[in-house]
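Shown next, in structure tokens, is the structure this report addresses.
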Amino acid sequence: MKRRIKNSFCQLLIFSIVCLGLPVMPAQAAMVGTAETLHASAATPERAKLDAFLARADVQQQLLQLGVSPAEVKMRVAALTDDEVAKFNAKFDQLHPGGDVVGAVLGAALVIFLVLLLTDILGFTNVFGFVKHPKR
């Protein structure tokens, strides 16, 4: 029984590694116009992060108190280059400690816990006392 679970786990692991190595879509080359380039740069994750920040109600309230309209802010952000947006986001992350670090640490801790739990259940390790191991 235990050997069959190990074999199934190994086969699943090998299958997933093989599938990750396969290309999802074939590569294609084509001419790219200026409008497409501008549209693509407007949809970068960095720009989306900045737009999400500026869309918050507390940020818009503070901007209105400073005398800046949301429409003017959107126009100015649209005029920024990708490098300027990346620099702004980097400075913003430095000003607000724990911006995305807490989520990354919790995610890593959860992954490590699940991997240790799985290896403990399969009998490869003996880390957790609450996992019942079959008689060896």
Side-chain angles (χ1 to χ4, degrees):
M1 176 73 177
K2 187 176 175 183
R3 185 175 192 82
R4 199 167 62 182
I5 292 173
K6 285 182 184 179
N7 285 340
S8 298
F9 179 71
C10 289
Q11 290 174 354
L12 178 67
L13 186 62
I14 290 169
F15 178 74
S16 64
I17 290 172
V18 169
C19 287
L20 287 176
L22 297 176
V24 178
M25 292 181 57
Q28 296 179 356
M31 294 294 294
V32 179
T34 306
E36 294 171 9
T37 305
L38 290 176
H39 180 64
S41 68
T44 61
E46 292 287 329
R47 197 169 294 272
K49 182 178 176 182
L50 180 58
D51 289 339
F53 170 70
L54 293 173
R56 290 181 14 195
D58 58 336
V59 174
Q60 287 187 357
Q61 182 66 28
Q62 185 67 29
L63 288 171
L64 288 173
Q65 288 178 355
L66 294 172
V68 182
S69 70
E72 186 178 348
V73 171
K74 285 183 182 181
M75 287 182 357
R76 288 187 181 188
V77 169
L80 293 176
T81 64
D82 290 338
D83 291 334
E84 291 170 336
V85 171
K87 287 179 186 176
F88 177 82
N89 284 336
K91 286 182 182 179
F92 181 71
D93 287 340
Q94 290 173 355
L95 291 175
H96 296 286
D100 203 24
V101 175
V102 174
V105 170
L106 288 176
L110 181 66
V111 168
I112 291 170
F113 173 75
L114 290 175
V115 167
L116 288 175
L117 182 65
L118 181 66
T119 58
D120 209 15
I121 290 171
L122 292 175
F124 296 128
T125 61
N126 190 8
V127 178
F128 302 110
F130 59 84
V131 175
K132 304 288 186 207
H133 293 283
K135 293 182 182 178
R136 295 178 185 194

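Scope of the values below: all heavy atoms of this structure, side chains included, with no hydrogens, waters or symmetry mates. The chain is numbered in sequence order, starting from 1.
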Tell me every residue that passes salt bridge (Lys or Arg N to Asp or Glu O under 4.0 Å) with E84, counting only those two or more places apart in sequence or in another chain. none
Would you say L117 and V115 are hydrophobically clustered, going by side-chain heavy atoms of ILVMFWY under 4.5 Å? no
Side chains of V127 and F113: does their closest heavy-atom pair fall under 4.5 Å? no
Is it the case that one hydrophobic cluster holds both F53 and L64, taking links as side-chain heavy atoms less than 4.5 Å apart, direct or via other members? no
Considering residues at least two apart in sequence or located in another chain, which fulfil the salt bridge (Lys or Arg N to Asp or Glu O under 4.0 Å) criterion with D83? none
Could you pull out the closest heavy-atom pair between R47 and V77, with the gap in Å? NH1-O, 2.8 Å
In terms of hydrophobic clusters joined by side-chain contacts under 4.5 Å, are V85 and V59 together? yes
dist I5:CD1 -> R3:CZ (nearest 0.5 Å) comes out at 13.0 Å
So, taking the atom named CD in E46 and the one named CG in D51, what distance separates them when rounded to the nearest 0.5 Å? 11.5 Å
Count I, L, V, M, F, W, Y as connected when their side-chain heavy atoms are under 4.5 Å apart, and connections chain through other members. Are I121 and L110 then in the same cluster? yes
Is there a side-chain contact between L54 and P70 (heavy atoms, below 4.5 Å)? no
Considering the options I112, D120, L114, which one meets the side chain to side chain contact (heavy atoms under 4.5 Å, CB included) requirement together with L116? I112
